[in-house]
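Comments concern the structure below.
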Amino acid sequence: MTDLTFGIDIGGSGVKGALVELDRGALVGEELRLPTPQPSTPDAVADVVAEILETFDWDGTVGITVPGVVIDGIVRTAPNIDSAWIGTDARELFAKRLALDSADVVVLNDADAAGVAEVRFGDARGRTGCVLVLTFGTGIGSALFIDGTLVPNTEFGHIEVDGDIGERRAAAAAREREGLGYQEWTARVSRYLGVLERMLWPELIILGGGVSKDAAQWVPLLRTRTPLAVASLQNTAGIVGAAAAACDARAK
Ligand code: BGC
């Protein structure tokens, strides 16, 4: 029997959800994307999550990502969504709003979810050693794997580079905000990656996030010591990884 779970990926501008087939790590049918409500308070976002699940008529296990640090279902940071998320027990909030048992709800960091999907279902599956997955979007998300095991909540988007927060200069949003061409932006990304490389010495860096769909235009411009790969699942990785994490938790 095919194992199906639902995945939801909450971002600064959109909330996306889809049914996921876990054998293949692929979406079943189309994803539904609704705008992130503004202000993006926990209750307002929970309403959007509920609307997505109602549309799919799904009332089973669900994995949900949040763009911040999440420990035991509690959100600890929220740089790109409403600050009311800080300290919110997101697992309880969603379980209540969705009328689910809290054991059926898993909440995790968005980049950790995307990373789980890449190392489990993408070209990097089975890779050993230190693998770093980075997502370039509103911020820079990071997921670090040691022999395939995730080190959660690494938050490498916030390392200091040239006296500034790394993601403020090198996220995809910085390129749009400042109207940078790929040449200028990749110079910043190379600089950012250089600082990370010197701290971590990863064996592979996988580049993901929305901008990875245009990878051919910018990845060849990057200068790094570490081998680079483009994310295989690209923009569906968060949804697939959220569903996979929910399924793992249910199996425990
Ligand atoms: C947040 C991370 C998140 C990343 C991508 C960063 O600003 O601190 O938790 O994974 O953005 O959304």
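All ligand and atom numbering here is 1-based and tracks the order in the structure.
Judged purely by atom type and a 3.5 angstrom limit, D147 uses its side chain to pair as donor or acceptor with the backbone of G129.
Proximity annotation for atom 8 (O) of ligand 1: of E155, E167, R76, E155 comes nearest, heavy atoms only. Of the listed options D9, V75, T65, N80, N80 places a heavy atom closest to atom 11 (O) of ligand 1. When the heavy atoms of G11, G141, G68 are ranked by distance to atom 4 (C) of ligand 1, first place goes to G141.
Ion pair E178/R188 flagged as a salt bridge, since at least one NZ, NE, NH1 or NH2 atom sits closer than 4.0 Å to an Asp/Glu carboxylate oxygen.
In this structure, the protein non-hydrogen atom closest to atom 12 (O) of ligand 1 is D110 OD2, 2.6 Å.
Note on ligand 1: P79 sits in its first shell, one or more heavy atoms being nearer than 4.0 Å. Ligand 1 is never approached by V66 to a heavy-atom distance shorter than 4.0 Å.
Between F56 and F6, the ring-plane angle classifies as perpendicular under the 30° and 60° cut-offs.
Every atom of ligand 1 with a heavy atom of N109 under 4.0 Å away is listed here by number and element: 2 (C), 3 (C), 9 (O), 10 (O).
The CG atom of L108 sits 12.5 Å away from the CD1 atom of I71 when rounded to the nearest 0.5 Å.
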Residues D89, V75; criterion side-chain contact (heavy atoms from CB on, under 4.5 Å); working and verdict: CA-CA 6 Å; D89 188 333; V75 178; over 6 Å; no

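For the pair R175 and W218, the cation-pi criterion (under 6.0 Å, within 45° of the ring axis) is not fulfilled.
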